[in-house]
Amino acid sequence: MAKKIAIKKLSPNAKKVIVLGCMVALLAVTGVLNFVLNDRLGSSSEPPVNGGATVETFFSSYRADRETARAEEFSYLDAIIASADSSESVKTSAEQKKLELLANIETELVLENLIKAKGFEDAVVTMSTNNVNIIVNKAELTSEEVSQILNIILGETSYTATQTVVVPYQV
């Protein structure tokens, strides 16, 4: 004869407590893993070159943040273009802005590669309507190095020297 197994339903509060308990446990595990992995990275026998992971993390993080912001901007512009509520002039303006962003992305990539070709380890370039900012992976820049970078910017863009900001990256 088959026994009937009674299944007790959990109250909404009990479910919340279980979910909260699981989240606290995951948070604790994440903290322990973070501590262990950071300890292993910190005890590396090789000394980092020019700040090592910190520099690499800054430049890659900067690029990732820039890409994320641009993706959001493209998404916003696409929503305006696709919206039935948008007027034709607004759609045209959004399409123009999208084309400008694409041109800026391409130009920034070219500028970054040209700066690296001049012997700099890494650089990020960000362009806006008013100025262009360049962050170079070097603690200090000589006037000759700034001049090299400025020549690249002036040769490849329509920005003037007063609209160009060159910043050395210091760890």
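The structure presented is a predicted model; accordingly, all values stated were derived computationally and were not measured.
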Next item on the list: Return each pair, listed once, that meets salt bridge (Lys or Arg N to Asp or Glu O under 4.0 Å) where at least one residue sits in residues 101-116; pairs must be two or more places apart or across chains.
Entry: Arg63-Glu112, Arg66-Glu108, Arg66-Glu112, Arg70-Glu108, Lys116-Asp122
Next item on the list: Could you identify which residues cluster with Leu150, counting Ile, Leu, Val, Met, Phe, Trp and Tyr as linked when any side-chain heavy atoms lie under 4.5 Å apart, either directly or through a chain of such contacts?
Entry: Leu154
Item checked: Residue pair Leu77, Leu101: steps toward the side chain to side chain contact (heavy atoms under 4.5 Å, CB included) verdict -> CA-CA 11 Å; Leu77 292 169; Leu101 279 172; 3.8 Å; yes
Notebook entry, point to check: Same hydrophobic cluster for Phe59 and Leu109, using side-chain heavy-atom links shorter than 4.5 Å among ILVMFWY?
Noted result: no
Notebook entry, point to check: So which heavy atom on Thr160 is nearest to which on Thr164, and how close?
Noted result: O-OG1, 2.9 Å
Notebook entry, point to check: If you round to the nearest 0.5 Å, how far is CD1 of Ile153 from OG of Ser158?
Noted result: 11.0 Å
Checklist line | Sequence neighbours excluded - salt bridge (Lys or Arg N to Asp or Glu O under 4.0 Å) pairs with any residue from residues 80-101 | finding: Asp78-Lys98
Next item on the list: Not counting sequence neighbours, which residues clear side-chain contact (heavy atoms from CB on, under 4.5 Å) with Leu141? List them please.
Entry: Phe120, Val136, Lys138, Glu145, Val146, Val166, Pro168
Check: What distance separates Asn104 CG from Leu99 CG, expressed to the nearest 0.5 Å?
Finding: 11.0 Å
Check: Taking side chain as C-beta onward, heavy atoms only, is Met127 less than 4.5 Å from Leu111?
Finding: yes
Notebook entry, point to check: Shared ILVMFWY cluster between Ile115 and Val110, side chains joined below 4.5 angstrom?
Noted result: yes
Checklist line | Side chain to side chain, Val132 and Thr107, heavy atoms closer than 4.5 Å | finding: no
Notebook entry, point to check: Could you give the distance from CG (Asn130) to OG1 (Thr162), rounded to the nearest 0.5 Å?
Noted result: 11.0 Å
Checklist line | Tyr62: partners by side-chain contact (heavy atoms from CB on, under 4.5 Å), with sequence neighbours left out | finding: Phe58, Val124, Thr126, Ile135
Notebook entry, point to check: Within the distance-only criterion (no hydrogens, no angle test), does the side chain of Ser83 pair as donor or acceptor with the backbone N or O of Ala79 below 3.5 angstrom?
Noted result: no
Check: Phe74: what forms a ring pair (Phe, Tyr, Trp, His ring centres under 6.0 Å) with it, not counting sequence neighbours?
Finding: none
